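Below you'll find the structure, written out as structure tokens, and then a few comments.
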Amino acid sequence: MSVTAIKGFNDILPRESGRWHHIEQAARRVFELNGFSEIRVPIMEKTELFSRSIGDATDIVEKEMYTFTDKGGNSVTLRPEGTAGVMRAFIEHKLHAQDPVARLYYLGPMFRYERPQKGRYRQFHQIGAEITGVHDPLADAQVLNMLVGFFREIGLDEPHLQINSLGCPDCRPVYRAALLEFLEGRLDQLCEDCRRRYSTNPLRILDCKVPRCIEATAGAPSVLDYLCAGCNEHFTGVRGYLESTGTPYAVNPRMVRGLDYYTRTTFEMVTGLLGSQSAVAAGGRYDGLISQLGGPSIPGIGFAMGLERVALLLGDQEFSHRPDLFIATLGGGERSFAFRLMHDLLSQGARVEMDYDGKSLKSQMRRADKLGARFSLVIGENEVTSGKAAVKRMEDGTQSEVPLVADAILKAIR
RNA sequence: GUGGCCAUGGUGAAGCGGUUAACACUUACGACUGUGACUCGUACAUACGAGGGUUCGAUCCCCUCUGGCCACCCCA
């Protein structure tokens with residue numbers, strides 16, 4: 001057996017790469033339109049960065065990171081998400097000194113040691129965006145509108161926006177206590193996982209899919225009722241901005257996020273089309289993260305979306321490019337003539353192909369058809385001596401005679 | 001990490017203990033010695049995920065490993 005790729009690490013083959021370009025280009029277009037600039041950061045960081053930002057007790061840090069010791073004895077980790085590294089760079093290069101309001105986006109591979117499934121891989125790709133330095137809910141709304149706009153841009157209406165507020169370090173503990181109190185008397189009605197969650201991550205119980213848990217928590221207190229004045233005003237502000245732009249959204253007070261650094265606004269773009277991997281993109285506000293990482297006390301908000309999941313939603317649409325012209329040739333001399341002509345046309349931006357191996361004309365025409373060439377052109381002895389050739393429109397088979405020079409051909413295949 | 005299902009060529013797949021591993025698609029070439037799509041012909045798995053075992057004999061049975069899918073966990 002020959003060597004294969006690592007489990008959960010996938011190749012993106014030529015037939016799929018067009019779809020990826022489509023997604024990436026749309027993201028860049030939309031994000032840059034919104035004033036975001038790309039930042040490129042390493043895919044490996046000191047382990048400490050992730051344990052400090054994502055949270056020591058989260059599953060990601062506890063059991064999913066690719067962590068190892070390098071030859072210098074340092075503990076390093078393949079990034080499991082993008083925000084931590086971006087904020088590290090933001091602080092390290094003191095970008096806030098120039099302008100505390102930074103709008104950054106990034107894309108690239110992330111790594112999590114999980115059991116692979118559809119839409120979930122050990123190496124996966126995210127495109128994410130972050131705004132720093134803005135407290136106003138306007139930033140939240142811009143990020144959300146941008147995300148919704150992205151999905152419109154690539155022609156998907158499926159993932160729907162859900163938002164919630166997790167409160168801040170002032171009000172979240174109050175809510176947490178209220179929830180624990182509510183759950184305490186109902187522990188025996190909960191599933192095994194939820195009884196465990198009661199001590200590890202009680203908010204997650206609200207997200208449980210087990211019917212009897214859903215039933216038992218039906219009357220559970222809502223985070224939204226426990227928001228402090230500031231958080232409440234903020235959330236109302238976000239909703240107001242979304243409504244003012246007609247952005248469709250749903251409030252889901254049971255939505256929980258897996259990273260510790262989130263405060264106030266959290267959100268997901270969810271779909272029912274990917275099985276249990278329903279979140280295509282997700283994010284939230286992280287007002288404490290930057291200072292927690294040793295930076296100034298400024299807020300941030302951002303999201304990441306999973307490219308594999310977006311690609312799955314796009315399905316098998318074709319995004320490859322078809323040649324404008326295929327040049328078929330009949331002999332050795334004609335081939336070198338055709339090669340020169342192809343070169344001229346290529347340098348003027350036409351997508352042109354010709355046969356490599358001197359196959360039969362029939363084979364060459366079949367190839368032209370298979371590649372989806374819009375036009376074809378046969379060059380034989382007659383054409384070279386007369387300096388003219390018939391350009392054939394593959395779609396309907398009609399031919400028109402043109403001089404064998406790049407300009408005339410370009411005009412004919414326009 | 002847990003549970004269930006699955007694993008035949010480039011692809012979709014039939015076969016399910018016994019001499020040539022069906023069929024279709026794809027691909028290549030040809031049917032016109034200068035023209036594609038339709039049609040027709042020809043070719044294309046020393047091989048049934050890998051490694052062991054049972055058997056006179058295994059693609060078909062058993063074990064292990066690897067990989068995939070689904071659910072859980074968790075998450076993008």
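Every chain is numbered from 1 and lettered A, B, ... according to where its sequence line falls, protein lines coming before strand lines. Computed from a prediction, not measured in an experiment: that's the story for all the values here.
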Legend entry - Sugar-phosphate, base or nothing in reach of Ala282(A), heavy atoms under 4.0 Å: sugar-phosphate
Inset, instruction - Go through the side-chain N and O atoms of Asn145(A) and Thr245(A) and say whether any donor and acceptor fall under 3.5 Å apart. - result: yes
Inset, instruction - Assign each of Ala5(A) and Arg309(A) to its nearest nucleotide of RNA chain B by heavy atoms, then name whichever residue's nucleotide is nearer the 5' end. - result: Ala5(A)
Legend entry - Length of the line joining Asp59(A):CG and G1(B):C1', which is rounded to integer Å: 10 Å
Inset, instruction - Please measure how far the P atom in G51(B) lies from the corresponding atom in U46(B), and state the result in whole Å. - result: 15 Å
Inset, instruction - Taking side chain to side chain contact (heavy atoms under 4.5 Å, CB included) as the test, write out the residues that go with Arg197(A), two or more places apart. - result: Asp193(A), Cys194(A), Thr200(A), Arg204(A), Ile205(A), Cys208(A)
Legend entry - d(CZ, Phe124(A); P, C74(B)) in whole Å: 17 Å
Legend entry - Tyr249(A) and Arg239(A) side chains, donor-acceptor separation under 3.5 Å: yes
Legend entry - Short side-chain donor-acceptor distance under 3.5 Å, Glu130(A) and Thr83(A): yes
Inset, instruction - State whether Glu383(A) and Lys388(A) are salt-bridged, where the test is any N-O pair (Lys NZ or Arg NE/NH1/NH2 against Asp/Glu carboxylate O) under 4.0 Å. - result: no
Legend entry - Nearest-angstrom distance, C1' atom, G12(B) to A7(B): 15 Å
Legend entry - Complementary nucleotide for A24(B) - Watson-Crick or wobble, under 3.5 Å: U11(B)
Legend entry - Short side-chain N/O contact from Thr58(A) to OP1 or OP2 of C74(B), under 4.0 Å: no
Inset, instruction - Could you give the distance separating U19(B) and U59(B) at their P atoms, to the nearest angstrom? - result: 10 Å
Inset, instruction - In whole angstrom, give me the gap between the P atoms of A58(B) and G52(B). - result: 13 Å
Inset, instruction - Look only at the side chain of Arg212(A) and the backbone of Gln189(A), and say whether a donor-acceptor pair between them is shorter than 3.5 Å. - result: yes
Legend entry - Residues within residues 40-54 of chain A bordering RNA chain B, heavy-atom distance below 4.0 Å: none
Inset, instruction - Considering only atom C1', compute the distance from C38(B) to A47(B) and round it to an integer number of Å. - result: 35 Å
Inset, instruction - For Ala368(A), report the nucleic acid contact type (base, sugar-phosphate, nothing); a contact means any heavy atom under 4.0 Å. - result: nothing
Protein and nucleotides 68-70 of chain B: nitrogen or oxygen contacts under 3.5 angstrom:
| residue | atom | partner | partner atom | Å |
| --- | --- | --- | --- | --- |
| C70(B) | OP2 | Lys118(A) | N | 2.8 |

Inset, instruction - Just name whichever nucleotide pairs with G36(B), Watson-Crick or G-U, keeping both distances under 3.5 Å, else none. - result: none
Inset, instruction - In plain terms, say whether Glu184(A) and Arg186(A) are close enough for a salt bridge, that is, a side-chain N and a carboxylate O under 4.0 Å apart. - result: no
Inset, instruction - Let me know the distance between OH of Tyr113(A) and C1' of G1(B), rounded to the nearest Å. - result: 10 Å
Legend entry - Gln364(A) CD to G30(B) P, straight-line distance once rounded to whole Å: 11 Å
Inset, instruction - Could you give the distance separating C29(B) and C6(B) at their P atoms, to the nearest angstrom? - result: 41 Å
Legend entry - Arg393(A), CZ: over 12 other non-hydrogen atoms inside 6.0 angstrom: no
Legend entry - Tyr105(A)/Phe31(A) aromatic ring centres below 6.0 Å: yes
Legend entry - Check: Arg120(A) side chain, C73(B) base, donor-acceptor under 3.5 Å: yes
Legend entry - Any residue of residues 405-414 of chain A with a heavy atom less than 4.0 Å from an atom of RNA chain B: none
Legend entry - Within 45° cone and under 6.0 Å: Arg112(A) NZ/CZ vs Tyr66(A) ring: no
Inset, instruction - State the pairing partner of C56(B); accept Watson-Crick or G-U wobble contacts with both distances under 3.5 Å, and report none otherwise. - result: G18(B)
Legend entry - Atom-to-atom span, NZ of Lys63(A) to C1' of G1(B) - whole angstrom: 7 Å
Legend entry - From Thr217(A), Asn164(A), Asp207(A), residue fulfilling side chain to side chain donor-acceptor pair (under 3.5 Å) relative to Arg254(A): Thr217(A)
Legend entry - Interatomic distance where CG belongs to Asp193(A) and C1' belongs to C74(B) [whole Å]: 11 Å
Inset, instruction - Using a heavy-atom cut-off of under 4.0 Å over every strand shown, decide if Leu307(A) touches base, sugar-phosphate, or nothing. - result: nothing
Legend entry - Same-atom distance (C1') from C48(B) to A21(B), integer angstrom: 8 Å
Inset, instruction - Using a heavy-atom cut-off of under 4.0 Å over every strand shown, decide if Arg15(A) touches base, sugar-phosphate, or nothing. - result: nothing
Legend entry - Pairing partner of G41(B) (Watson-Crick or G-U wobble, both distances under 3.5 Å): C29(B)
Inset, instruction - Take the protein atom CG of Asp260(A) and the nucleotide atom P of C74(B), then report the distance between them rounded to whole Å. - result: 14 Å
Inset, instruction - State whether the number of non-hydrogen atoms from other residues, nucleotides or ligands found under 6.0 Å of Glu92(A) atom CD is greater than 12. - result: yes
Nucleotide N/O of nucleotides 32-36 of chain B paired with protein N/O under 3.5 Å:
| residue | atom | partner | partner atom | Å |
| --- | --- | --- | --- | --- |
| C32(B) | N4 | Lys362(A) | NZ | 2.2 |
| G34(B) | O6 | Asn382(A) | N | 3.4 |
| G34(B) | O6 | Asn382(A) | OD1 | 3.3 |
| G34(B) | O6 | Asn382(A) | ND2 | 2.5 |
| G34(B) | N1 | Glu383(A) | OE1 | 2.9 |
| G34(B) | N1 | Glu383(A) | OE2 | 3.1 |
| G34(B) | N2 | Glu383(A) | OE2 | 2.5 |
| U35(B) | O2' | Lys392(A) | NZ | 3.4 |
| G36(B) | OP1 | Lys362(A) | NZ | 3.3 |
| G36(B) | O2' | Asp369(A) | OD2 | 3.4 |
| G36(B) | N7 | Lys392(A) | NZ | 2.8 |
| G36(B) | O6 | Met394(A) | O | 3.2 |
| G36(B) | O6 | Gly397(A) | N | 3.4 |
| G36(B) | N1 | Met394(A) | O | 2.2 |
| G36(B) | N2 | Asp369(A) | OD1 | 2.8 |
| G36(B) | N2 | Met394(A) | O | 3.1 |
| G36(B) | N3 | Asp369(A) | OD1 | 3.1 |

Inset, instruction - Give a yes or no on this: more than 12 heavy atoms of other residues, nucleotides or ligands lie within 6.0 Å of atom CZ of Arg367(A). - result: no
Legend entry - Residue matched to C72(B) through Watson-Crick or wobble contacts both under 3.5 angstrom: G1(B)
Inset, instruction - Rounded off to whole Å, could you give me the CG-to-P distance for the Asp355(A) and A28(B) pair? - result: 11 Å
Legend entry - Side-chain donor-acceptor pair present, His234(A), Asp140(A), cut-off under 3.5 Å: yes
Legend entry - Separation of the C1' atoms in C5(B) and G57(B), to the nearest angstrom: 30 Å
Inset, instruction - Could you verify whether a donor N or O on one side chain and an acceptor N or O on the other, from Glu114(A) and Tyr121(A), lie under 3.5 Å apart? - result: no
Legend entry - ring pair (Phe, Tyr, Trp, His ring centres under 6.0 Å) pairs, two or more places apart, involving residues 305-347 of chain A: His22(A)-Phe319(A)
